[in-house]
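Below: the structure, in structure tokens.
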Amino acid sequence: IAHHKGGAGKSTTTANLAGGIARLLPSIRILVCDLDPQANSTKILFPFNKRDYLVQTTLAHVYAGKAKLDDAIVPTMTKGVDLAPSSIDLFDQEQVIAGGPAALIGLYTMLTRYGTLDRYDLVILDLPPNLGTFMMNGLFASSHVLIPVSVSDDWGLKGLHVIKSRLEAVNQLRGRDRSPSQVVGYLITRADMRTNVAQMMVPAIRGEFGTMVFESVIHENTDVQKGN
């Protein structure tokens with residue numbers, strides 16, 4: 001789940017997609033990897049009885065070489081969904097691995113080295129809202145990319161070509177034994193169709209990307225904003 005801009009609904013999409021698929025197909029196993037140091041997916045999915053995730057093993061420890069990926073994985077409150085949590089310490093690891101092989105293949109190596117990938121039917125990656133190291137890690141490890149596009153302002157549509165160019169660059173570095181990663185579609189999020197910007201953005205996105213835009217639209221819950 002990727003977008004270079006914050007507030008597009010990546011973490012909300014990640015958590016709800018994992019939960020929805022698990023309920024629809026209860027026999028499959030799903031792993032969510034939170035690659036965003038802001039850890040929003042972790043805050044949503046981490047089990048309530050273990051809310052002290054900041055003292056747990058996270059992906060920051062795995063990238064630092066202090067733990068294996070399996071050591072960080074915890075079951076969530078949703079049956080069939082596991083989580084590899086993030087933490088603010090992941091920011092530090094980005095600087096450590098930058099410029100080395102792990103800057104590109106780090107996550108893919110974690111998933112494949114000890115057979116973690118083989119134990120799951122689906123792995124969902126919540127990528128950070130930037131075009132840095134962990135975005136590239138996620139794109140390299142992924143087979144498909146879902147791009148949520150917020151229509152709460154006119155910034156959601158800007159720069160999407162940059163994500164596609166990053167994906168094309170990553171695909172050129174993949175081995176011949178791996179198929180290129182593809183954009184599976186664009187998901188319109190945070191839509192309040194009472195606003196002028198949403199009324200302008202939704203048809204603009206559908207005009208730009210055509211059938212690549214999902215029919216489903218995730219609407220903005222303005223009551224939640226008012227409550228905050």
Side-chain angles (χ1 to χ4, degrees), residues 1-4 6 10-15 17-19 22 29-143 145 166 169-170 173-175 177-178 181:
I1 314 292
H3 197 295
H4 64 288
K10 292 183 299 297
S11 298
T12 303
T13 299
T14 297
L17 183 62
R29 294 197 63 193
I30 300 171
L31 173 65
V32 173
C33 292
D34 189 355
L35 289 180
D36 186 352
Q38 296 180 71
N40 289 323
S41 284
T42 298
K43 294 169 186 174
I44 297 171
L45 292 172
F46 207 87
F48 292 113
N49 59 340
K50 295 182 180 180
R51 277 298 179 184
D52 54 342
Y53 65 88
L54 293 178
V55 299
Q56 301 290 323
T57 302
T58 70
L59 282 173
H61 298 91
V62 182
Y63 274 100
K66 298 178 180 178
K68 295 187 296 185
L69 180 58
D70 284 355
D71 299 329
I73 294 173
V74 295
T76 69
M77 301 300 289
T78 301
K79 184 179 179 180
V81 179
D82 291 347
L83 170 70
S86 182
S87 76
I88 193 69
D89 295 332
L90 201 56
F91 274 121
D92 296 332
Q93 293 308 311
E94 186 166 22
Q95 300 176 7
V96 172
I97 68 175
L104 182 64
I105 67 172
L107 179 62
Y108 182 73
T109 301
M110 292 177 202
L111 287 166
T112 57
R113 176 176 290 173
Y114 299 107
T116 304
L117 190 62
D118 296 331
R119 293 195 292 276
Y120 291 94
D121 301 287
L122 176 66
V123 179
I124 303 177
L125 313 176
D126 183 11
L127 305 190
N130 57 56
L131 298 168
T133 298
F134 293 123
M135 166 77 81
M136 299 298 282
N137 252 236
L139 294 179
F140 186 85
S142 68
S143 60
V145 180
R166 287 289 194 281
V170 166
L173 299 172
R174 295 162 79 104
D177 58 328
R178 296 185 63 207
S181 181

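Computed from a predicted model, the values in this text were never measured in an experiment.
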Of all heavy-atom pairs between [X] and [Y], which one has the smallest distance, and what is that distance?
{"X": "Leu35", "Y": "Pro128", "value": "O-CD, 3.6 Å"}
{"X": "Ala103", "Y": "Asn137", "value": "O-ND2, 2.7 Å"}
{"X": "Pro85", "Y": "Ala72", "value": "CD-O, 3.1 Å"}
{"X": "Ser11", "Y": "Asn40", "value": "OG-CB, 3.3 Å"}
{"X": "Lys10", "Y": "Pro129", "value": "NZ-CB, 3.6 Å"}
{"X": "Ala67", "Y": "Thr57", "value": "CB-CG2, 3.7 Å"}

Practice prompt. Could you go through the side chain to side chain contact (heavy atoms under 4.5 Å, CB included) check for Tyr63 and Met110 one step at a time?
Written response: CA-CA 9 Å; Tyr63 274 100; Met110 292 177 202; 3.3 Å; yes
Pairwise side-chain contact, [X] with [Y], heavy-atom cut-off 4.5 Å (strictly under):
{"X": "Phe46", "Y": "Val74", "answer": "yes"}
{"X": "Leu31", "Y": "Thr116", "answer": "yes"}
{"X": "Asp36", "Y": "Phe134", "answer": "no"}
{"X": "Thr76", "Y": "Val32", "answer": "no"}
{"X": "Leu139", "Y": "Leu127", "answer": "yes"}
{"X": "Thr78", "Y": "Ile30", "answer": "no"}
{"X": "Ile73", "Y": "Leu69", "answer": "yes"}
{"X": "Ile1", "Y": "Ile124", "answer": "yes"}

Could you tell me the separation between the [atom1] atom of [X] and the [atom2] atom of [Y], rounded to the nearest 0.5 Å?
{"X": "Leu104", "Y": "Thr109", "atom1": "CG", "atom2": "OG1", "answer": "9.0 Å"}
{"X": "Ile88", "Y": "Gln38", "atom1": "CD1", "atom2": "CD", "answer": "7.5 Å"}
{"X": "Ser87", "Y": "Gln56", "atom1": "OG", "atom2": "CD", "answer": "11.0 Å"}
{"X": "Thr112", "Y": "Leu107", "atom1": "OG1", "atom2": "CG", "answer": "9.0 Å"}
{"X": "Met77", "Y": "Ile44", "atom1": "CE", "atom2": "CD1", "answer": "15.0 Å"}
{"X": "Asp89", "Y": "His61", "atom1": "CG", "atom2": "NE2", "answer": "6.5 Å"}

Worksheet item: Within 45° of the ring axis of Tyr108 and under 6.0 Å from its six-membered ring centre, is that where the NZ or CZ of Arg174 lies?
Response: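 The answer is no, since Arg174 fails at least one limit relative to Tyr108.
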Worksheet item: Do NZ/NE/NH1/NH2 and the carboxylate oxygens of Arg119 and Asp70 come within less than 4.0 Å?
Response: yes
Worksheet entry | Result of checking Thr12, Asp34, Thr13, Asp126 against Ser41 for side-chain hydrogen bond (donor to acceptor under 3.5 Å, both in side chains) |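 Only match with Ser41 under side-chain hydrogen bond (donor to acceptor under 3.5 Å, both in side chains): Asp126.
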Item to complete: Report the C-alpha separation of Leu131 and Arg166 in whole Å, then their side-chain angles, then the decisive distance to 0.1 Å, and conclude whether the side chain to side chain contact (heavy atoms under 4.5 Å, CB included) test is met.
Response: CA-CA 8 Å; Leu131 298 168; Arg166 287 289 194 281; 3.8 Å; yes
Discussion item. Given 3.5 Å as the limit, does a donor-acceptor pair link the side chain of Arg178 with the main chain of Phe140, or not?
Written reply: yes
Item to complete: State whether a side-chain donor-acceptor pair under 3.5 Å links Ser86 with Thr42.
Response: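 There is no such pair between these side chains.
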